Participant: 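Take this structure, written in structure tokens, and hold onto it; I'll ask about it next.
Please read these numbers as outputs of a predicted model, since none were measured by experiment. Any value given below was found using the heavy atoms of this structure, including those in side chains, with hydrogens, waters and symmetry copies removed.
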Amino acid sequence: MTALSAVGSSDRMGSPFLGAARLLAYALFTLVLMPVQALLVSFRSPLRHHLPRVYHAACTRILGLGVEVVGEPRLGRPTLVVSNHSSYLDIIVLGSLIPGSFVAKTEVGSWPFFGLLAKLQQTVFVDRKARNAGAHRDDMRGRLEDGDILILFPEGTSSDGNRTLPFKTALFSVAALRVDDRPITVQPVSITAVDLDGMPLGRALRPFYAWYGDMELVGHVWQMVKLGRLTVRVEFHEPVDVERFGSRKALGEHCWRVIAAGVDKAVSGRHPGR
């Protein structure tokens, strides 16, 4: 069975009642908190960084996502968190653990509903074209100088969850920034869907979590919420900085190696408790 046919077969799997209940609870909870976060952002309250974390943590429970954490997140400010990316669900999982803002493609800001959610979490939007890297670096620099935590997906697109795509290192140049005469902390993170109701997902079934290629978003969401409990493993690796490697390219290559190794371990089942 191929990955895409496995996902397609989930039309006959799971509970439509469970799916509808999860979506209703998610929608109501989100609509209640959106105006609260809008006010916090408008008044630049320190709570604007923390409410999204509470929100995402609640959403993991609403949507049936179990989160296994290995290692420790480096929550000091400013920090650049670097992660692989295979699904819109990565936002919820990482957002439940890290009080930070994401770096996302410009078009995400124009998406109905989810674009507004991204803006309320103070997402930095970039178009990832090389000619605009300087302007986007300056946007990120300003946020880091303000003490923010930024979460970057340097693959530039989502993968099938079974591997880590090569990193685009242009935006790593922001790691050369110094705040209070110290380099920015960079923390690599591996995120991998590993189980469905306690059963290993395997290569063919991981697309129940991963959303990539030409998959249709609404159909994928509906398939996912009808299923049982998806377990996602998040591994926080050793924090580093650019001075340890001498260049953004070398820093990016190091982050790719440790993140890819973490994903490979999780995909193969070689991790604690498995």
Participant: Assigning hydrophobic clusters by single linkage (Ile, Leu, Val, Met, Phe, Trp, Tyr; side-chain heavy-atom cutoff under 4.5 Å), is Phe102 placed with Met34?
Facilitator: yes
Participant: Nearest 0.5 Å, what's the OG-CG distance between Ser87 and Asp90?
Facilitator: 5.5 Å
Participant: Just verifying a value: how many Å separate Gln122 CD and Asp146 CG, rounded to the nearest 0.5 Å?
Facilitator: 10.0 Å
Participant: If two hydrophobic side chains count as joined below 4.5 Å and joins carry through other members, does Leu31 share a cluster with Leu51?
Facilitator: yes
Participant: Identify the two heavy atoms, one from Val189 and one from Leu94, that lie closest to each other, and give their separation to 0.1 Å.
Facilitator: CG1-CD2, 4.1 Å
Participant: So does Val126 get a backbone contact from the side chain of Thr106, meaning a donor-acceptor N/O pair under 3.5 Å?
Facilitator: yes
Participant: Hey, quick one: are Leu18 and Leu23 part of the same hydrophobic cluster, counting side-chain heavy atoms closer than 4.5 Å, chains of contacts allowed?
Facilitator: no
Participant: For Thr169, what residues pass the side-chain hydrogen bond (donor to acceptor under 3.5 Å, both in side chains) criterion, not counting sequence neighbours?
Facilitator: Arg248
Participant: Got a donor-acceptor contact below 3.5 angstrom from the Thr123 side chain to the Lys119 backbone?
Facilitator: no
Participant: Partners of Gln121 by side-chain hydrogen bond (donor to acceptor under 3.5 Å, both in side chains), sequence neighbours excluded?
Facilitator: His56
Participant: Give every residue pair that meets the salt bridge (charged side-chain N to carboxylate O under 4.0 Å, His left out) criterion with at least one member in residues 32-58, sequence neighbours excluded.
Facilitator: none
Participant: Look at the rings of His220 and Tyr88 and say which category their plane angle falls in: under 30° parallel, 30 to 60° tilted, over 60° perpendicular.
Facilitator: perpendicular
Participant: Nearest 0.5 Å, what's the CG-CG distance between Asp139 and Leu150?
Facilitator: 10.5 Å
Participant: Which distance, rounded to the nearest 0.5 Å, do you find between the CE of Met199 and the CG of Leu201?
Facilitator: 10.0 Å
Participant: For residues 60-86, pull every pair meeting ring-ring contact (aromatic ring centres under 6.0 Å, His included), keeping only residues two or more places apart or in separate chains.
Facilitator: His85-Phe153
Participant: Identify, with sequence neighbours excluded, every residue that meets side-chain hydrogen bond (donor to acceptor under 3.5 Å, both in side chains) alongside Ser158.
Facilitator: none
Participant: In chain order, what residues pass the salt bridge (Lys or Arg N to Asp or Glu O under 4.0 Å) check against Asp180, with sequence neighbours excluded?
Facilitator: none
Participant: Do the side chains of Val186 and Cys255 get nearer than 4.5 Å, heavy atoms only?
Facilitator: yes
Participant: Do any N or O atoms from the side chain of Asp197 and from the backbone of Arg229 form a donor-acceptor pair under 3.5 angstrom?
Facilitator: yes
Participant: Counting only N and O atoms by type, is there a donor-acceptor contact under 3.5 Å from the side chain of Thr30 to the main-chain atoms of Tyr26?
Facilitator: yes
Participant: Just by modelled atom types, is the Ser190 backbone N or O under 3.5 Å from a matching donor or acceptor in the Glu235 side chain?
Facilitator: no
Participant: Has the side chain of Gln37 got a donor or acceptor atom that lies under 3.5 Å from a matching backbone atom of Leu120?
Facilitator: yes
Participant: Please report the interatomic distance CZ(Arg22) to CG(Leu63), rounded to the nearest 0.5 Å.
Facilitator: 7.0 Å
Participant: Nearest 0.5 Å, please: how far is CZ in Arg74 from CZ in Phe236?
Facilitator: 13.0 Å
Participant: Report the residues that fulfil side-chain hydrogen bond (donor to acceptor under 3.5 Å, both in side chains) with Thr60, sequence neighbours left out, ordered by chain and then residue number.
Facilitator: none
Participant: Same cluster for Leu65 and Val54 if Ile/Leu/Val/Met/Phe/Trp/Tyr side chains link at under 4.5 Å?
Facilitator: no
Participant: Any idea which heavy atoms bring Gly161 and Val267 closest together, and the distance?
Facilitator: O-CG2, 3.8 Å
Participant: Give the intermediate values and the outcome of side-chain contact (heavy atoms from CB on, under 4.5 Å) for residues Val70 and Val234.
Facilitator: CA-CA 6 Å; Val70 178; Val234 180; over 6 Å; no
Participant: Would you say the side-chain atoms of Asp241 pair up with the backbone N or O of Glu243, donor to acceptor, closer than 3.5 Å?
Facilitator: yes
Participant: Can you check side-chain contact (heavy atoms from CB on, under 4.5 Å) on Phe208 and Gln223, steps first, answer last?
Facilitator: CA-CA 7 Å; Phe208 284 140; Gln223 291 168 348; 5.5 Å; no
Participant: Can you pull out every ring-ring contact (aromatic ring centres under 6.0 Å, His included) where at least one residue sits in residues 105-124? Sequence neighbours excluded, please.
Facilitator: none
Participant: Between Trp256 (side chain only) and Leu251 (backbone N and O only), is there a donor and an acceptor less than 3.5 Å apart?
Facilitator: no
Participant: Of the non-hydrogen atoms in Leu152 and Leu80, which two are nearest, and what is the gap between them?
Facilitator: CB-CD1, 4.2 Å
Participant: Quick one: do Asp160 and Tyr209 satisfy side-chain hydrogen bond (donor to acceptor under 3.5 Å, both in side chains)? Show the steps, please.
Facilitator: CA-CA 9 Å; Asp160 63 6; Tyr209 177 89; over 6 Å; no
Participant: Say whether, by atom type as modelled, one donor and one acceptor occur between the side chain of Gln187 and the main chain of Glu72 under 3.5 angstrom.
Facilitator: yes
Participant: Check Pro154 against Ser83 and note the closest heavy-atom contact, atom names and distance.
Facilitator: CD-O, 3.4 Å
Participant: For Glu238, check salt bridge (Lys or Arg N to Asp or Glu O under 4.0 Å) against everything at least two apart and list the hits.
Facilitator: Arg244
Participant: With sequence neighbours excluded, what pairs up with Phe29 under the ring pair (Phe, Tyr, Trp, His ring centres under 6.0 Å) test?
Facilitator: Tyr55
Participant: If you draw a 6.0 Å radius around CD in Glu216, do more than 12 non-hydrogen atoms from other residues or ligands fall strictly inside?
Facilitator: yes
Participant: Using the rule that Ile, Leu, Val, Met, Phe, Trp and Tyr join whenever any side-chain heavy atoms are under 4.5 Å apart, tell me whether Met224 and Phe17 fall into a single cluster.
Facilitator: no
Participant: Assess the residue pair Val103 and Met140 against the criterion (side-chain contact (heavy atoms from CB on, under 4.5 Å)); give the C-alpha distance rounded to whole Å, side-chain angles, the decisive distance to 0.1 Å, and a yes or no.
Facilitator: CA-CA 8 Å; Val103 179; Met140 294 171 64; 4.1 Å; yes
Participant: Over all heavy atoms of both residues, which pair between Thr164 and Ala260 is shortest? Give the atoms and the distance, please.
Facilitator: OG1-CA, 3.5 Å
Participant: Taking the side chain from Arg206 and the backbone from Ala193, do they hold a donor-acceptor pair closer than 3.5 Å?
Facilitator: yes
Participant: Can Val232 and Ile191 be said to form a side-chain contact (heavy atoms from CB on, under 4.5 Å), step by step?
Facilitator: CA-CA 7 Å; Val232 184; Ile191 178 169; 3.6 Å; yes
Participant: List, by chain and number, the other hydrophobic cluster members for Leu24, where Ile, Leu, Val, Met, Phe, Trp and Tyr join if side-chain heavy atoms come within less than 4.5 Å, directly or indirectly.
Facilitator: Leu28
Participant: If we ignore angles and hydrogens, is there a donor and acceptor under 3.5 Å between the side chains of Thr192 and Arg233?
Facilitator: no
Participant: Indicate the atoms forming the closest heavy-atom contact of Val179 with Pro78, along with that distance.
Facilitator: CG2-CG, 4.0 Å
Participant: Using the test ring pair (Phe, Tyr, Trp, His ring centres under 6.0 Å), find all partners of Phe245 that sit at least two apart in sequence or belong to another chain.
Facilitator: His254
